[in-house]
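As structure tokens, the structure follows; a few thoughts come after it.
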Amino acid sequence: MASPHEPLKEIALDRCIDRLLAGEAWERALPPDPLLREEVASLMEVAEDLRVLAGRTTHLRTARKERIWRRVSTSRRGVIRRIAFYRLPYLPPLWIRPEAC
Amino acid sequence: MGSLAAAIAPSSGRRATTGPETVRDTLWFSGLYEETVDNVYRYAYVLMRNADQAEDVTADAFLKAWRSRHNLRSESSAQAWLLSIAHNSAMSLLRSNREVAGLDDIDEQEDTSADPESEVFAGMEAGRLQAAIRRLTAEQQQVVFLRFFEGLHHEDVARRLGSNANAVRAVQFRALTRLRKLLEEDYVGVTA
């Protein structure tokens with residue numbers, strides 16, 4: 001059963017997260033009500049940890065990206081024969097490669 | 001959804017349903033891959049905590065996406081659709097890992113392989129948080145990922161997920177509350 005404060009908490013938390021994502025001090029967006037303030041602040045500790053984790057999460061490297069594409073395009077289960085044939089997008093078909101003409 | 005995949009989507013607005021793939025389908029799919037593979041991989045990495053397994057999940061997700069492309073309702077929800085497929089692939093792989101390892105709780109496993117990408121995840125805190133994220137529902141994981149990892153505003157998250165702003169705020173609140181509880185339980189378990 002949701003409490004009547006629930007939407008207020010959700011909105012307050014969302015505002016704090018917006019500030020966190022913008023690199024601003026989220027504490028300024030905390031609600032004035034002490035109980036709400038305490039709860040949202042404790043959730044913002046988790047939000048900060050998530051942001052740190054996101055910053056550490058590596059992006060996909062090109063070699064791995066190409067390897068995944070090869071796996072997808074040549075898989076018998078996928079049967080993406082045309083993609084395997086054209087080898088899109090890393091090796092365009094011969095008819096649009098000027099060097100092949 | 002970005003413009004590339006949308007630009008080469010079939011003129012009818014729908015994928016070919018069954019039968020042999022069309023050139024348009026393959027172009028659409030390669031565009032979709034270009035635009036979303038990084039997000040899908042990062043999402044899988046957060047769930048799997050292992051670069052090779054994240055690659056397996058990503059490849060599996062795109063294969064399944066290709067095979068069920070006629071189920072995609074609109075271009076705007078393509079990323080949510082892919083993340084859902086990736087979630088199911090990750091959960092399936094985690095289950096099979098658990099069966100192979102014979103462990104009750106695979107979440108406690110740490111990846112100790114010599115994987116350079118896993119070095120950035122070094123540290124107990126990151127591992128605990130990732131283990132907690134795994135325990136969220138698929139919907140909660142997707143909101144957390146798009147909001148904190150992609151840095152999207154809640155209205156943009158709602159658009160990506162085909163939801164509305166109020167619902168996203170509610171899911172976000174429940175997700176953080178659940179994460180806090182899981183982390184507290186984990187902390188008590190560690191210190192007990």
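Numbers restart at 1 for each chain; the letters A, B, ... are given by sequence-line order, proteins then strands.
- Looking at A:Glu39, the atoms closer than 4.5 Å to chain B (heavy atoms on both sides) sit in the backbone and in the side chain alike.
- Note on B:Val168, B:Asp56, B:Val144: by heavy-atom pairs under 4.5 Å with chain A, the leading option is B:Asp56.
- The most heavy-atom pairs under 4.5 Å with chain B, out of A:Asp18, A:Val52, A:Asp49, A:Val40, come from A:Asp18.
- Between B:His87 and B:Tyr43, the angle of the ring planes lies from 30° to 60°, which puts this pair in the tilted group.
- Note on A:Met44, A:Arg71, A:Arg51: by heavy-atom pairs under 4.5 Å with chain B, the leading option is A:Arg71.
- Evaluation of the side chain to side chain donor-acceptor pair (under 3.5 Å) test over residues 19-32 of chain A, restricted to residues two or more places apart or in two chains, returns A:Trp26-A:Glu48.
- Of the N and O atoms on the side chains of B:Asn39 and B:Arg42, not one donor lies less than 3.5 Å from an acceptor on the other residue.
- Contact record, B:Leu152 with B:Arg147: O-NH1, 2.9 Å, taken as the closest heavy-atom pair.
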Give the C-alpha distance, both sets of side-chain angles, the deciding distance and a yes or no for side-chain contact (heavy atoms from CB on, under 4.5 Å) between B:Trp66 and A:Val72.
CA-CA 9 Å; B:Trp66 171 257; A:Val72 173; 5.7 Å; no

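- Of the atoms belonging to A:Leu21, it is side-chain heavy atoms, and not backbone ones, that fall under 4.5 Å from chain B.
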